Amino acid sequence: MNASQGSQARPGRRSVVAAVGAVGVTAALTACGGSQDTGGSDTVRPAGSGDGANGDGAVLAKTSDIPEGGGMVFADEGVVVTQPTPGTFKAFSSKCTHQGCAVKGVADGVIKCPCHNSTFDATTGEATGGPATVPLPEKPIRVENGAITLA
Ligand code: FES
């Protein structure tokens, strides 16, 4: 009847059933994780390299993971990280400012939204083409010891 009975030498039947149930729920949630809209581009990668938390020091990637002149979209964190010039890393919201699609793909200094073909400058986040006119909001990141984390 109460949870503290689990501290006795022999766990009650209910606490064993509850523990198995919790594991089952965790396994089910884990199995479903990362299935968000990430298809269509090899530069979109769900989270998994960090601790699963959004922000507060979650490691997004190694600096070597981000191609020069390109970038990578982190769907779970809602962030696109770019490397517009060697050794310079920038991060922006990956939510397109036109109608909210997730941007996908960064190449040649341009972040692209697949929904209506808006383009954004990978250095500044400024809208450079398509229907979007508002820049992608910049996201604070830290780059330390070859790792990029959300600040
Ligand atoms: S939602 Fe991105 S261009 Fe329309």
Side-chain angles (χ1 to χ4, degrees), residues 3 6 14-151:
R14 284 188 184 177
S15 61
V16 171
V17 171
V20 170
V23 170
V25 169
T26 302
L29 290 173
T30 302
C32 293
S35 63
Q36 295 178 355
D37 184 20
T38 59
S41 173
D42 60 357
T43 58
V44 177
R45 193 174 80 180
S49 57
D51 61 6
N54 289 335
D56 296 335
V59 175
L60 288 173
K62 293 185 233 171
T63 53
S64 58
D65 292 338
I66 311 299
E68 290 181 14
M72 188 174 283
V73 177
F74 297 89
D76 288 356
E77 288 84 358
V79 174
V80 54
V81 177
T82 65
Q83 185 178 189
T85 59
T88 301
F89 297 90
K90 305 286 284 188
F92 305 95
S93 168
S94 63
K95 184 176 177 180
C96 180
T97 57
H98 176 229
Q99 290 184 356
C101 287
V103 299
K104 289 186 180 176
V106 184
D108 299 324
V110 177
I111 302 168
K112 296 177 182 169
C113 178
C115 289
H116 312 99
N117 300 317
S118 285
T119 56
F120 301 89
D121 187 298
T123 303
T124 64
E126 290 291 326
T128 56
T133 57
V134 176
L136 295 173
E138 190 164 355
K139 296 280 192 176
I141 54 172
R142 282 194 312 266
V143 180
E144 295 174 338
N145 301 321
I148 301 170
T149 57
L150 290 172

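Nothing here was measured: the structure is a model prediction, and the numbers come from that model. In this chain, residues are counted from 1 in sequence order. Atoms within each ligand, like the ligands themselves, are counted from 1 in listed order.
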Check: Thr128 side chain, Thr119 main-chain N or O, donor-acceptor pair, under 3.5 Å
yes

Using the side chain to side chain contact (heavy atoms under 4.5 Å, CB included) rule, take Lys104 and Lys112 through it: C-alpha gap first, then chi angles, then the decisive distance, then the call.
CA-CA 6 Å; Lys104 289 186 180 176; Lys112 296 177 182 169; over 6 Å; no

By the definition side-chain contact (heavy atoms from CB on, under 4.5 Å), identify the one residue from Val134, Thr82, Thr97, Val110 that meets it with Phe120.
Thr97

From Thr149 atom OG1 to Glu77 atom CD, the distance as rounded to the nearest 0.5 Å
11.5 Å

How long is the gap from NZ on Lys62 to CD1 on Ile148, to the nearest 0.5 Å?
11.5 Å

Neighbouring protein N, O or S atoms of atom 4 (Fe) of ligand 1, below 2.8 Å
2

Residues 119-140 vs salt bridge (charged side-chain N to carboxylate O under 4.0 Å, His left out), sequence neighbours excluded, gives Lys90-Glu138

